[in-house]
Amino acid sequence: MARAGLTPELLTRVGAELADEVGFDQVTVSALARRFDVKVASLYSHLRNSQELRTRIALLALAEMADRAADALAGRAGKDALVAFAHVYRDYAREHPGRYTAARLPLDPETAAASAGVRHSRMTRAILRGYDLAEPDQTHAVRLLGSVFHGYVSLEAAGGFSHSEPSSEESWDRVLDALDALLRNWPAAGPGPIGTTD
């Protein structure tokens, strides 16, 4: 490919494809230069360093997932919305493992505030409004959903559920049933940790 055809957007897209193939941790400017069969120096007019490349891939992944989630949530509420939202994350992680890892990349506050991560948060809270959760329980629930989705997807990807019955698919459905039941019957705030005093 001619050097004149290189752009930050193209490099980001190909970097994302590379992440899915070899793993996000293996994506560097040097690896990308090999993919294009150009010298590393040829890419430095488009990218400052490997960290910028990784950040760009993270932002791309967040935007792609947010777009999918928005489409999946259209016209849905309650459990239907919860299940659709969960499937977006799981399906994306299966289809694009490197990009899914990239989406977990820590971003500086300014970059994070301008990213599609804000859309993810808004959509999660929109789902939770259907369960009539007020603050601070809504934030607790946002953290719970993120932990369950990411934890399940990560363990599944590592083969953690592939050696016993029932199937991972069956467990996933039951986990979502349990989350829906919990959100509909959110526990009242209890006393502080044992050993504390008012």
Problem - N/O donor-acceptor pair under 3.5 Å between Thr12 side chain and Pro8 backbone - result: yes

Problem - Closest contact, heavy atoms only, Leu60 versus Ala16 - result: CD2-CB, 3.7 Å

Exercise for the section: Following the transitive rule for hydrophobic clusters with a side-chain heavy-atom cut-off under 4.5 Å over Ile, Leu, Val, Met, Phe, Trp and Tyr, establish whether Val118 and Met65 coincide in one cluster. Expected result: no

Exercise for the section: Would you indicate whether the side-chain heavy atoms of Thr55 and Gln51 approach each other to under 4.5 Å? Expected result: yes

Exercise for the section: For residues Leu144 and His140, determine if any side-chain heavy atom of one lies less than 4.5 Å from a side-chain heavy atom of the other. Expected result: no

Could you pull out every donor-acceptor pair under 3.5 Å between side chains of residues 28-35 and any protein atom, sequence neighbours left out?
{"unit_1": "Thr28", "atom_1": "OG1", "unit_2": "Ser30", "atom_2": "N", "d": "3.4"}
{"unit_1": "Thr28", "atom_1": "OG1", "unit_2": "Ala31", "atom_2": "N", "d": "3.0"}
{"unit_1": "Arg35", "atom_1": "NH2", "unit_2": "Glu21", "atom_2": "OE1", "d": "2.7"}

Problem - Presence of salt bridge, Glu52 and Arg56, under 4.0 angstrom - result: yes

Handout entry: Closest non-hydrogen atom pair, Ala93 against Val153
Key = CB-CG1, 3.2 Å

Exercise for the section: May I ask you to check whether Tyr89 and His120 place their ring centers less than 6.0 Å from one another? Expected result: yes

Handout entry: Heavy atoms of other groups near Arg174 CZ, more than 12 under 6.0 Å
Key = no

Problem - Closest contact, heavy atoms only, Val27 versus Leu18 - result: CG2-C, 4.2 Å

Problem - Cationic N near anionic O, under 4.0 Å, Arg90 to Glu169 - result: yes

Problem - Arg119 and Asp67, any side-chain heavy atoms less than 4.5 Å apart - result: yes

Practice task
Side-chain contact test, heavy atoms from C-beta onward, threshold under 4.5 Å: evaluate it for Leu179 versus Phe149 and give yes or no.
Solution key: yes

Problem - Where Ala102 and Phe24 come nearest, the two heavy atoms and their spacing - result: CB-CE1, 3.5 Å

Exercise for the section: Assess the side chains of Trp172 and His87: does a donor N or O sit below 3.5 Å from an acceptor N or O? Expected result: yes

Problem - Minimum heavy-atom distance Tyr44-Asn49, with the two atoms named - result: CE2-CA, 4.1 Å

Problem - From CD1 (Ile57) to CG (Leu105), nearest 0.5 Å - result: 9.5 Å

Problem - Carboxylate-amine/guanidinium proximity below 4.0 Å for Arg99 and Glu17 - result: no

Practice task
Measure the shortest side-chain to side-chain distance between Asp132 and Trp186 over non-hydrogen atoms and say whether it is less than 4.5 angstrom.
Solution key: no

Practice task
I would like to know whether Tyr100 and His96 meet ring-ring contact (aromatic ring centres under 6.0 Å, His included); could you show each step before the answer?
Solution key: CA-CA 6 Å; Tyr100 180 79; His96 301 293; over 10 Å; no

Handout entry: Validation row: Glu135, Gln138 side chains within 4.5 angstrom (heavy atoms)
Key = yes

Handout entry: Side-chain heavy atoms of Ser168 within contact of Ser162, under 4.5 Å
Key = no

Handout entry: Considering all heavy atoms, the nearest Leu107-Ala58 contact
Key = CD2-CB, 4.5 Å

Practice task
Answer whether the closest heavy-atom distance between the side chains of Asp108 and Thr111 falls below 4.5 Å.
Solution key: yes

Exercise for the section: May I ask you to decide if Ala181's main-chain N or O and Asn185's side chain share a donor-acceptor pair within less than 3.5 Å? Expected result: yes

Problem - CZ on Arg143 to OG1 on Thr124, rounded to 0.5 Å - result: 13.0 Å

Problem - Test item: Ser42 side-chain N/O and Val38 main-chain N/O as donor-acceptor pair under 3.5 Å - result: no

Problem - Cluster check Leu11, Leu59: I/L/V/M/F/W/Y, side chain < 4.5 angstrom - result: yes

Under 3.5 Å, which donor-acceptor pairs do the side chains of residues 73-83 form with other protein atoms, sequence neighbours left out?
{"unit_1": "Arg76", "atom_1": "NE", "unit_2": "Ala72", "atom_2": "O", "d": "2.8"}
{"unit_1": "Lys79", "atom_1": "NZ", "unit_2": "Asp177", "atom_2": "OD1", "d": "2.5"}

Problem - CZ-CG distance between Phe85 and Leu176, expressed to the nearest 0.5 angstrom - result: 12.0 Å

Handout entry: Pairwise distance CZ(Arg54) to OG1(Thr101) - rounded to 0.5 angstrom
Key = 12.5 Å

Problem - Heavy-atom neighbours of Arg48 CZ exceed 12 at 6.0 Å - result: no

Completion exercise
To the nearest 0.5 Å, atom OG of Ser171 lies from atom CG of Leu155 at 11.5 Å

